[in-house]
J.: 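Structure below; questions to follow.
Fair warning: this is a prediction, and the values are worked out from it, not measured in the lab.
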Amino acid sequence: MSVIQRSFIPLYKGVKKGNKYLTLTTRLITSPALNNTEQIELIKSATDTSQSKSNWLNFKNNILCKQGNLNEKNIDAVLLKTMVANKKFNAALSFANYLQLSDCELSIGAINSLLNLYYEYSKENELSETEKTFILSTYTHLYEKYKVLDSVTCEKLLHALCAINEWKKCMRVLDDIQLTGTPSHSAYSTLIGTFFKNNKKAEAMKMIEISENNRRPLKDYAYEEWMKYIFRKYKDKKTILKYLNELCNHVSKNGTVVPEATAHRLKESYESINWNVKFTEIKKDRGQCKNCNHTLDCLRLTTEEFTTLQQNIKEKLIVGSDLFLKTSPDELERFMDFVGRTAPYDIVLDALNIAYVAGRGDVNDRVRLLTTVVNHFLQKKKKILLLGRKHMLKWKRGTLLQLTKNTQSFFTENLTQDDPYFITAAILSGPHTDIVSRDLLRGHKFLMQHEELRQLFQRWQWEHQWTIFPNRYRPIIQEPLKFTPIAQRSNTGWHLPYEVENSSTFGQIKDGVPDVSSWLCMRQKLNN
């Protein structure tokens, strides 16, 4: 019997097998909340790379003698996890070897930690044949006994299989994850990167589409291997440019904000084909690049795109949501009849959201702020829909009734989820209708099942949403963006947003706009 076989037999003792399906209730093995830090501090001291079997056994016993929550069941997994987290790979590999040569029973947590160790180690090192064999043997023995694995084990197994370029086996593991949930960003990106690494572009592009549709934007590893594939396969600068532009087109189409590491890789890639590339900022008030003074476009929805959004909005935000749990079919019918009679509008106000910009304290402040916003748009000769809840009519009845005389108004029941109502009213009203709300509407965007619809909704929101911010004397009424904050291509090159790692957002206004201070300006030299 092999070491791997000996290790796996006791692993499932006591687990109900049922219909040959493995249903493991896996505990996430993290460093426990210890009563005393002695155990973890002792683990962190494991730096000897040549410990023998007896030394590791003594080391474990010393840890278990200390006060804390580590025990015989979880110590192996925590030891490996801690050593990997602290980049003590030599010690971790020594301990892994001890585990596989000993007669101890490997828990599912220990196996997952071993798989994770080999994945993390492989990022900068070549795995040995023994380590590769362990990964393959783990895959084989799990699937010989059980048809379906738990999602935690699947994630660790998929990453380890990618480390040895076994992408075909990954597809079965990915299917198992999808039985109970959505694969992680890392799972998709690691598999996509592995496809590119093995020159399987068609498979990579198909998986990219699936990843984006599952709201899993690519991580840097996928972009890194994508760029490596381009430079490995093509040598002519024009051809390289064609396929780098294909990557940027993907970023633009999906409205993606790439990781900072990817931005640096793109900078190096375009510079290698003689482009001028600078990190820059975009002026938020007009969308102008501080480096080249180019102004980004407002990518307005076409008639066809708006019609697509309009046709889907009622189904996705009202019929397809849990709205009926908080309202009634009669109220919805009255609302749709109201919109049919009174639309189109120039602007739709999310009245309760606007009023609470003033805070939840003095009702007079709330009514005063709402009146200021209504008057702002009345002065602009706008036809207004004021959408609120019935309890608002008790705030200052005379003032609220005066506002309703100057606007079209609809007040839902107090328990009704009113956000879908004002979004629906605005979009059914037509392509020129704006909305006013501080709500970033992320939840409603995600109710749409297709990435294309989510992108259309996001672009519509940027183009049409006014935002209110509190101010000591008079609220700030911020207009919709004059540009679309996604990667854009012009005659001279690209402007592309990126996300700064570990950046502080303290004090920044949360208005749903990507950080305008972190962009790439990539311009083709005139003599290219």
Side-chain angles (χ1 to χ4, degrees), residues 185 189 208-209 211-220 222-223 226 244-267 269-270 277-302 304-306 308-309 431 440-442 444-446 448 450-465 467 478-500 503 505 508-523:
H185 292 74
S189 284
I208 286 172
E209 183 178 355
S211 178
E212 294 288 354
N213 280 332
N214 283 315
R215 300 193 290 277
R216 297 290 188 262
L218 302 190
K219 295 174 73 69
D220 176 62
Y223 288 117
W226 192 347
L244 285 175
N245 285 342
E246 179 186 46
L247 188 157
C248 290
N249 279 325
H250 159 79
V251 172
S252 178
K253 177 184 175 183
N254 290 284
T256 305
V257 180
V258 301
E260 184 176 13
T262 300
H264 283 277
R265 296 186 201 283
L266 282 169
K267 184 176 186 293
S269 295
Y270 275 88
V277 185
K278 300 289 184 183
F279 292 108
T280 187
E281 297 181 17
I282 301 297
K283 295 178 181 178
K284 189 173 182 178
D285 57 343
R286 55 186 183 274
Q288 187 179 51
C289 173
K290 290 187 176 181
N291 180 57
C292 68
N293 294 322
H294 174 79
T295 299
L296 298 182
D297 293 328
C298 181
L299 305 176
R300 301 184 185 280
L301 298 188
T302 65
E304 182 180 356
E305 288 173 331
F306 183 79
T308 299
L309 186 62
L440 300 183
L441 311 179
R442 291 193 182 102
H444 306 295
K445 180 175 68 172
F446 291 155
M448 300 180 180
H450 300 291
E451 184 61 26
E452 179 185 0
L453 280 174
R454 287 195 289 269
Q455 291 302 321
L456 291 179
F457 182 79
Q458 179 69 88
R459 283 171 52 199
W460 173 83
Q461 183 183 356
W462 283 329
E463 183 182 343
H464 291 281
Q465 183 168 358
T467 311
Q478 180 177 286
E479 296 183 18
L481 286 175
K482 291 183 170 61
F483 68 102
T484 306
I486 63 174
Q488 292 190 24
R489 187 178 183 178
S490 65
N491 292 332
T492 58
W494 284 94
H495 287 87
L496 187 143
Y498 66 93
E499 185 174 5
V500 177
S503 61
T505 57
Q508 293 183 13
I509 295 174
K510 302 293 185 182
D511 57 0
V513 180
D515 185 3
V516 292
S517 67
S518 305
W519 285 68
L520 274 180
C521 173
M522 305 191 296
R523 294 184 298 155

J.: Is the side chain of Arg216 donor-acceptor paired with the backbone N or O of Ser189 at a distance under 3.5 Å, no angle test?
T.: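 Here the side-chain-to-backbone pair does not exist.
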J.: Going by side chain to side chain contact (heavy atoms under 4.5 Å, CB included), name the residues that satisfy it together with Asn249, two or more places apart in sequence or in a different chain.
T.: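 If we apply the side chain to side chain contact (heavy atoms under 4.5 Å, CB included) test to Asn249, skipping adjacent residues, the hits are Arg489, Trp494.
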J.: Donor-acceptor check, side chain of His464 to backbone of Pro431, threshold 3.5 angstrom: yes or no?
T.: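 Answer holds: yes.
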J.: Pro259 versus Glu499: any side-chain heavy-atom pair under 4.5 Å?
T.: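 No, their side chains stay 4.5 Å or more apart.
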J.: Could I get the full list of ring pair (Phe, Tyr, Trp, His ring centres under 6.0 Å) partners for Trp519, not counting sequence neighbours?
T.: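 Trp519 satisfies ring pair (Phe, Tyr, Trp, His ring centres under 6.0 Å) with no other residue.
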J.: Is there a side-chain contact between His250 and Tyr223, using heavy atoms and a 4.5 Å cut-off?
T.: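 With C-beta onward as the side chain, the pair touches.
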J.: Could you tell me if the side chain of Gln455 sits less than 4.5 Å from the side chain of Ile486, heavy atoms only?
T.: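 Not touching, per the 4.5 Å side-chain cut-off.
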J.: So do the side chains of Asp297 and Phe483 get within less than 4.5 Å of each other, counting heavy atoms only?
T.: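 The answer is no; the side chains never approach within 4.5 Å.
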J.: Inspect the surroundings of NZ in Lys219 and state if more than 12 heavy atoms from other residues, nucleotides or ligands are less than 6.0 Å away.
T.: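 Not more than 12 within 6.0 Å, no.
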J.: Would you check if Lys267 and Phe279 make a side-chain contact, meaning some heavy-atom pair closer than 4.5 Å?
T.: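 The answer is yes, as the side chains (C-beta and beyond) meet within the 4.5 Å cut-off.
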J.: Assess the residue pair Leu296 and His294 against the criterion (side-chain contact (heavy atoms from CB on, under 4.5 Å)); give the C-alpha distance rounded to whole Å, side-chain angles, the decisive distance to 0.1 Å, and a yes or no.
T.: CA-CA 6 Å; Leu296 298 182; His294 174 79; 4.2 Å; yes
J.: So does Glu209 have more than 12 non-hydrogen atoms from other groups sitting under 6.0 Å from CD?
T.: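 Atom CD in Glu209 is not packed in, count stays at 12 or less.
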J.: State, yes or no, whether a side-chain contact exists between Leu218 and Ile208 at a heavy-atom distance under 4.5 Å.
T.: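 Answer yes - side chains close enough.
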J.: Do Pro485 and Ile282 make a side-chain contact, defined as non-hydrogen atoms from C-beta onward lying under 4.5 Å apart?
T.: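 Pro485 vs Ile282: side chains apart.
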J.: Looking at side-chain heavy atoms only, is the closest gap between Tyr270 and Cys248 below 4.5 Å?
T.: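 Yes, at least one pair of side-chain atoms sits under 4.5 Å.
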J.: Just checking Lys283: does its NZ atom have more than 12 heavy atoms from other residues, nucleotides or ligands closer to it than 6.0 angstrom?
T.: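 Correct, the count exceeds 12.
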J.: Can we say Lys253 and Glu212 salt-bridge, meaning some charged N sits less than 4.0 Å from an Asp/Glu carboxylate O?
T.: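 The answer is no: the pair does not qualify as a salt bridge.
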J.: How many angstroms lie between atom CE of Met522 and atom SG of Cys292, to the nearest 0.5 angstrom?
T.: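 That separation rounds to 11.5 Å.
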J.: Report, as yes or no, whether the 6.0 Å neighbourhood of atom CD on Glu452 holds more than 12 heavy atoms from other residues, nucleotides or ligands.
T.: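 No - once you tally the heavy atoms of other residues, nucleotides and ligands closer than 6.0 Å, there are 12 at most.
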